[in-house]
Enquirer: 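Input: one structure, supplied below.
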Amino acid sequence: MRARRRDACVAAGYSYKIRFKFVVRLLSLRMRGCGFCAGAVDVLDASGTLLSRRAHASAANCSACSAWTLRVNRVGREFTITEDSFAPALVRSAISLEWEPTSGWEEVQLLRTHGANDVEPYAVGADWFIAVANFRETQSCYGDIGCTNPVGAAPLVPDANLPYNIHSQIWWHNGAEFQPLQDLPTLGALDFEFFVISGQ
């Protein structure tokens, strides 16, 4: 009896990160396309924790096309969507997210910043900190529009008066509120990331 050889399929897929400007409730992920085959779609939070998964149909249905919705219903600001499949080709005609702003937040404290582009909260032991990436000094201008008039108009304040060499800051929570702890020399800072080296 001669055994039939089955052509090997190599897993193919993708991964992409979604980052909102504010905390949202990600309700669901909807996807349409062809080639959902024997793999899975995963939705993970910023720490890499699996929030929701949809297992694809079996390998016997690699050429089928379909549309489906994966419920997530988790709060966060950053999510990662990954997919793997054993189909010969992945064809995705639409990928969409359903989300809504979170509600019920209470204002606790306002921190003075200078055109801040990023805020990174982190903990060291029992202490909590916030790192603020200040982009540029806005002086008397308020908001993130860069002190401009409607599109095409000249700036209200010359750029010479809006230096990018503004310090970024580390804030420390003293048990009651956040207070400035350290100034960091930066030039048009865009991002802060907390990291650990050898457990330190």
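Hydrogens, waters and symmetry mates play no part in the numbers below; they use all other heavy atoms, side chains included.
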Enquirer: What is the ring orientation for Phe194 with Tyr122, classed by angle as parallel under 30°, tilted 30 to 60°, or perpendicular over 60°?
Expert: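 Because their plane-to-plane angle is under 30°, the rings of Phe194 and Tyr122 count as parallel.
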
Enquirer: Verify, without hydrogens or angle tests, whether Ser85 (side chain) and Cys37 (backbone) share a donor-acceptor contact under 3.5 angstrom.
Expert: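 Checked: pair present.
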
Enquirer: Taking the side chain from Arg77 and the backbone from Phe20, do they hold a donor-acceptor pair closer than 3.5 Å?
Expert: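 It does hold such a pair.
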
Enquirer: Of the non-hydrogen atoms in Ala133 and Phe192, which two are nearest, and what is the gap between them?
Expert: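 In this case the closest contact between Ala133 and Phe192 is N-CD1, 3.4 Å.
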
Enquirer: Determine, for Asp118 against Arg19, whether the closest basic-nitrogen to carboxylate-oxygen distance falls under 4.0 angstrom.
Expert: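 Salt bridge: yes.
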
Enquirer: Under a 4.5 Å cut-off applied to non-hydrogen side-chain atoms, are Val72 and Ser52 in contact?
Expert: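 Of all side-chain heavy-atom pairs linking Ser52 with Val72, at least one is under 4.5 Å.
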
Enquirer: Indicate whether the side chain of Ser15 and that of Thr82 have a donor and an acceptor atom separated by less than 3.5 Å.
Expert: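 No.
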
Enquirer: Could you tell me the separation between the CG atom of Leu111 and the CD atom of Gln109, rounded to the nearest 0.5 Å?
Expert: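 Output value for this atom pair is 5.0 Å.
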
Enquirer: Can you tell if the side chain of Trp172 reaches within under 4.5 Å of the side chain of Ile170, non-hydrogen atoms only?
Expert: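 No, side chains not in contact.
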
Enquirer: Check whether any side-chain heavy atom of Phe79 sits under 4.5 Å from a side-chain heavy atom of Leu44, and report yes or no.
Expert: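 Counting from C-beta outward, Phe79 and Leu44 never come under 4.5 Å.
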
Enquirer: I want to check something: taking the side chain as every heavy atom from C-beta on, are Glu193 and Glu120 in contact at a cut-off of under 4.5 Å?
Expert: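 Yes, their side chains come closer than 4.5 Å.
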
Enquirer: I want to check something: taking the side chain as every heavy atom from C-beta on, are Gln182 and Gln169 in contact at a cut-off of under 4.5 Å?
Expert: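 With C-beta onward as the side chain, the pair stays apart.
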
Enquirer: Is the shortest side-chain heavy-atom distance between Leu51 and Asp42 below 4.5 Å?
Expert: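 Leu51 does not reach Asp42 side chain to side chain.
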
Enquirer: Is His173 close to Asp127 at the side-chain level, that is, under 4.5 Å between some pair of heavy atoms?
Expert: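 Not touching, per the 4.5 Å side-chain cut-off.
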
Enquirer: Using 0.5 Å steps for rounding, measure from the CG atom of Asp45 to the CZ atom of Arg74.
Expert: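 Those atoms lie 7.0 Å apart.
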
Enquirer: Working to the nearest 0.5 angstrom, can you tell me the gap between Trp171 CH2 and Arg112 CZ?
Expert: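 Answer rounded to 0.5 Å: 9.5 Å.
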
Enquirer: Can you check side chain to side chain contact (heavy atoms under 4.5 Å, CB included) on Val41 and Ile81, steps first, answer last?
Expert: CA-CA 7 Å; Val41 171; Ile81 298 173; 4.3 Å; yes

Enquirer: At their closest point, which heavy atom of Leu70 faces which heavy atom of Arg53, and how far apart are they?
Expert: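 Minimum heavy-atom contact is CD1-O, 3.6 Å.
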
Enquirer: For Ser168, which of Asn117, Asn134, Thr186 qualifies under side-chain hydrogen bond (donor to acceptor under 3.5 Å, both in side chains)?
Expert: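 Answer to the side-chain hydrogen bond (donor to acceptor under 3.5 Å, both in side chains) test with Ser168 among Asn117, Asn134, Thr186: Thr186.
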
Enquirer: Could you grab the distance from atom OG of Ser66 to atom CE of Met31, nearest 0.5 Å is fine?
Expert: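 Answer rounded to 0.5 Å: 10.0 Å.
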
Enquirer: Is it the case that His56 and Glu83 place a side-chain donor and acceptor less than 3.5 Å from each other?
Expert: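 Per modelled atom types, His56 and Glu83 side chains form a pair under 3.5 Å.
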
Enquirer: Please name the pair of heavy atoms, one in Asp183 and one in Pro185, separated by the smallest distance, quoted to 0.1 Å.
Expert: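 Scanning both residues completely, I find the closest heavy atoms to be O-CD, 4.0 Å.
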
Enquirer: Please evaluate residues Glu98 and Arg30 with respect to the criterion salt bridge (charged side-chain N to carboxylate O under 4.0 Å, His left out), reporting the C-alpha separation (whole Å), side-chain torsions for both, the decisive distance (0.1 Å), and the verdict.
Expert: CA-CA 8 Å; Glu98 181 188 8; Arg30 182 168 176 79; over 6 Å; no

Enquirer: Compute the centroid of each ring, for Phe178 and then for Trp128, and state whether the two points are separated by less than 6.0 Å.
Expert: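 Between Trp128 and Phe178, which both carry aromatic rings, the centre distance is not below 6.0 Å.
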
Enquirer: Assess whether side chain to side chain contact (heavy atoms under 4.5 Å, CB included) is satisfied between Thr69 and Leu29, documenting all intermediate values.
Expert: CA-CA 6 Å; Thr69 298; Leu29 163 70; over 6 Å; no

Enquirer: For the residue pair Val75 and Trp99, establish whether any side-chain heavy-atom pair is separated by less than 4.5 Å.
Expert: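 Sidechains of Trp99 and Val75: no contact.
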
Enquirer: Restricting to non-hydrogen atoms, name the atom on Ser28 and the atom on Arg71 that form the minimum distance, rounded to 0.1 Å.
Expert: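 It is CB-NH1, 4.1 Å.
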
Enquirer: Stepwise, does the side chain to side chain contact (heavy atoms under 4.5 Å, CB included) test hold for Glu100 with Leu27?
Expert: CA-CA 7 Å; Glu100 64 183 13; Leu27 299 175; 4.1 Å; yes

Enquirer: Side-chain heavy atoms nearer than 4.5 Å, only ILVMFWY residues, links allowed to pass through others: does that put Tyr16 and Val24 together?
Expert: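 Tyr16 and Val24: one cluster.
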
Enquirer: If hydrophobic clusters are built by linking Ile, Leu, Val, Met, Phe, Trp and Tyr wherever their side-chain heavy atoms come under 4.5 Å apart, do Leu190 and Val132 end up in the same one?
Expert: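 No, separate clusters.
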
Enquirer: Could you state the interatomic distance from NE2 (His114) to CZ (Phe135), rounded to the nearest 0.5 Å?
Expert: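 Interatomic distance, His114 NE2 to Phe135 CZ, rounded to 0.5 Å: 14.5 Å.
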
Enquirer: With rounding to the nearest 0.5 angstrom, report the CD1 to CG distance, Ile18 to Leu26.
Expert: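 It comes to 7.0 Å.
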
